[in-house]
Amino acid sequence: MCNLKIHEYQSKKLLNEFGVPVPKSTIATDKETLLENFRDFQSKAVLKVQVHAGGRGKAGGVKLVDNSQDAVEFADKFFGNLFQTFQTGDESVVVNKILVEEASSIVSEMYLALLVDGSNQSINIIASPEGGTDIEEVASKNPEKIFSLPVNTILGPTDFHVREILDFLNLDKTLFAQLNKIIRGLYKLYLDKDCSLIEINPLILNDNNEIIALDAKITFDEDALFRNKDISELRDLSQENEVEIKAAELGIKYVQLKGSVGCIVNGAGLAMATMDVIQSAGLSPANFLDIGGGADEDKVSKAMSAVLSDDNVKIVLVNLFGGILRCDVAARGFILALKDSDGTPPKLIIRMQGTNSEEGKRILSNTKYNISFAENLDQISQILSSEE
Ligand code: GDP
Ligand code: MN
């Protein structure tokens with residue numbers, strides 16, 4: 001399952017629609033609008049870069065500003081530039097939008113999330129009184145501070161659940177109605193829009209005794225986007241990996257990874273097994289790639305081009321089971337892509353079984369490329385080990 005990510009400001013708009021309180025805010029795409037918006041907040045607001053990654057606060061991308069000069073400085077520093085947080089890793093993402101938000105006075109920062117827990121086949125509500133910080137850290141250092149509550153699929157969240165969470169978050173009983181509305185709103189949003197994750201970190205109590213979602217991260221199940229056109233439109237391609245976007249357009253499942261062995265496989269199960277073989281040979285996959293059904297010469301060639309376009313790739317490993325996609329057709333597709341690519345072609349390890357596999361191998365053998373053929377996963381593993 002792949003997930004569509006959206007921005008914080010988009011998530012907050014959805015929260016608002018489902019009755020979950022969020023601070024007043026406006027979104028700016030350039031410095032002038034940012035300044036106008038900033039003045040509308042009486043020149044005191046929180047400025048927040050909008051990128052598909054958390055950890056912005058620690059990286060300086062969230063700032064309480066109380067004068068125009070600092071607002072200008074923030075805009076100049078971030079608009080149009082690349083931004084990195086501990087969550088983006090080595091890659092960085094471009095900042096095209098900045099949220100200008102009414103500043104909140106925080107009494108406590110909590111954590112609230114909804115996600116599907118496969119082990120109990122239900123949506124779980126996760127809550128912690130330790131919000132604002134990295135929840136993974138809380139989970140590893142203070143696991144007792146995290147409460148995970150499976151919701152009965154037929155009943156949905158009940159008053160009893162809400163009271164339990166209220167208690168765990170050390171909130172006063174008088175706040176029941178507020179939390180109740182929030183949890184029910186989040187649950188309805190989760191179901192109505194086919195979310196895969198709703199994470200509010202922090203959920204705050206402000207000095208006016210109001211519970212408010214100060215940050216919001218929502219992701220959606222891509223397989224359900226066909227029935228959520230309004231959500232598909234929230235996609236921001238500037239935040240996504242270019243090769244992944246191109247692959248998605250072709251109907252190829254591709255996930256960029258960080259290793260040196262590019263993989264071209266048909267079938268998600270075989271793709272996973274192939275990645276395991278690479279790992280066990282002491283190397284790392286550069287990507288996950290499942291060509292998918294109905295592949296032809298063109299699609300195979302584009303899959304190969306996608307893998308070759310990754311500069312980290314030193315070896316390309318093809319593991320194909322020829323069925324409807326004949327091995328000779330695949331072989332021609334590979335050659336097409338190799339001819340098109342500039343630079344020295346990497347070493348190829350090819351295993352092709354099934355329809356016309358001998359013909360496929362013959363076509364590839366008659367080329368100048370550095371190819372080792374394998375008959376099974378063991379042989380792939382041996383060849384990879386000797387490359388290490
Ligand atoms: P993240 O770092 O990407 O998760 O961004 P957040 O939106 O969670 O902001 C990070 C931190 O900035 C929060 O945990 C708060 O401590 C702080 N913060 C954000 N907005 C406000 C605000 O309106 N007032 C105050 N006092 N702090 C804020
Ligand atoms: Mn946050």
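Ligands are counted one by one from 1 in listed order, and the atoms in each one are counted from 1 as well. These figures come from a predicted structure and were not determined experimentally. Numbers here are sequence positions counted from 1.
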Every N, O or S from the protein that is nearer than 2.8 Å to the Mn ion (ligand 2): Asn201 O, Asp215 OD2
For ligand 1, which atoms have a heavy atom of [X] less than 4.0 angstrom away?
{"X": "Val46", "value": "20 (N), 21 (C), 22 (C), 23 (O)"}
{"X": "Gly132", "value": "14 (O)"}
{"X": "Gly54", "value": "3 (O)"}
{"X": "Ser104", "value": "22 (C), 23 (O), 24 (N), 25 (C), 26 (N)"}
{"X": "Asn201", "value": "8 (O)"}
{"X": "Arg56", "value": "1 (P), 2 (O), 3 (O), 5 (O), 6 (P), 7 (O)"}
{"X": "Ala103", "value": "23 (O)"}
{"X": "Gly57", "value": "1 (P), 2 (O), 3 (O)"}

Look only at interatomic distance and state if [X] has a nitrogen or oxygen under 3.5 Å from any nitrogen or oxygen of ligand 1.
{"X": "Gly55", "result": "yes"}
{"X": "Ile106", "result": "no"}
{"X": "Lys58", "result": "no"}
{"X": "Glu101", "result": "no"}

Counting non-hydrogen protein atoms only, what is the nearest one to [atom]? Give residue, atom name and distance.
{"atom": "atom 19 (C) of ligand 1", "answer": "Leu214 CD2, 3.7 Å"}
{"atom": "atom 13 (C) of ligand 1", "answer": "Glu109 OE1, 3.7 Å"}
{"atom": "atom 7 (O) of ligand 1", "answer": "Lys48 NZ, 2.6 Å"}
{"atom": "atom 6 (P) of ligand 1", "answer": "Asp215 OD2, 3.5 Å"}

Any heavy atom of Leu64 sitting closer than 4.0 Å to ligand 1? no
Should Ile350 and Leu364 count as side-chain neighbours, where that means a heavy-atom distance under 4.5 Å? yes
Quick one: list whatever passes side-chain contact (heavy atoms from CB on, under 4.5 Å) with Lys24, sequence neighbours left out. Phe41, Glu102
Is Lys253 paired with Glu244 through a side-chain N to carboxylate O contact shorter than 4.0 Å? no
Are Lys5 and Asp236 ion-paired here, with the side-chain N under 4.0 Å from a carboxylate O? no
Establish whether Ile363 and Val318 are linked, either directly or via other cluster members, by ILVMFWY side-chain heavy-atom contacts under 4.5 Å. yes
I'd like to know if atom 11 (C) of ligand 1 has any protein heavy atom within a distance of less than 4.0 Å. no
Any protein heavy-atom neighbour for atom 17 (C) of ligand 1 (distance below 4.0 angstrom)? no
Do we see a donor-acceptor contact under 3.5 Å between the side chains of Asn206 and Ser105? no
Do Thr219 and Ser196 get their side chains close enough for a donor-acceptor pair, meaning under 3.5 Å? yes
Start with the C-alpha distance between Lys193 and Asp230, add both sets of side-chain angles, then the distance that settles salt bridge (charged side-chain N to carboxylate O under 4.0 Å, His left out), and finish with yes or no. CA-CA 9 Å; Lys193 301 294 181 189; Asp230 54 334; 2.7 Å; yes
Residue pairs passing the salt bridge (charged side-chain N to carboxylate O under 4.0 Å, His left out) test with at least one member in residues 254-279, sequence neighbours excluded, are none
Using a cut-off of 6.0 Å, state whether more than 12 heavy atoms not belonging to [X] lie near its atom [atom1].
{"X": "Ile324", "atom1": "CD1", "result": "no"}
{"X": "Lys246", "atom1": "NZ", "result": "no"}
{"X": "Glu144", "atom1": "CD", "result": "yes"}

Under the 4.5 Å side-chain heavy-atom rule for ILVMFWY, direct or indirect, which residues accompany Ile245? Leu237
For residues Phe78 and Phe83, establish whether the separation of their ring centroids is below 6.0 Å. yes
Check step by step if side chain to side chain contact (heavy atoms under 4.5 Å, CB included) holds for Ile211 and Leu179. CA-CA 7 Å; Ile211 307 177; Leu179 189 67; 4.2 Å; yes
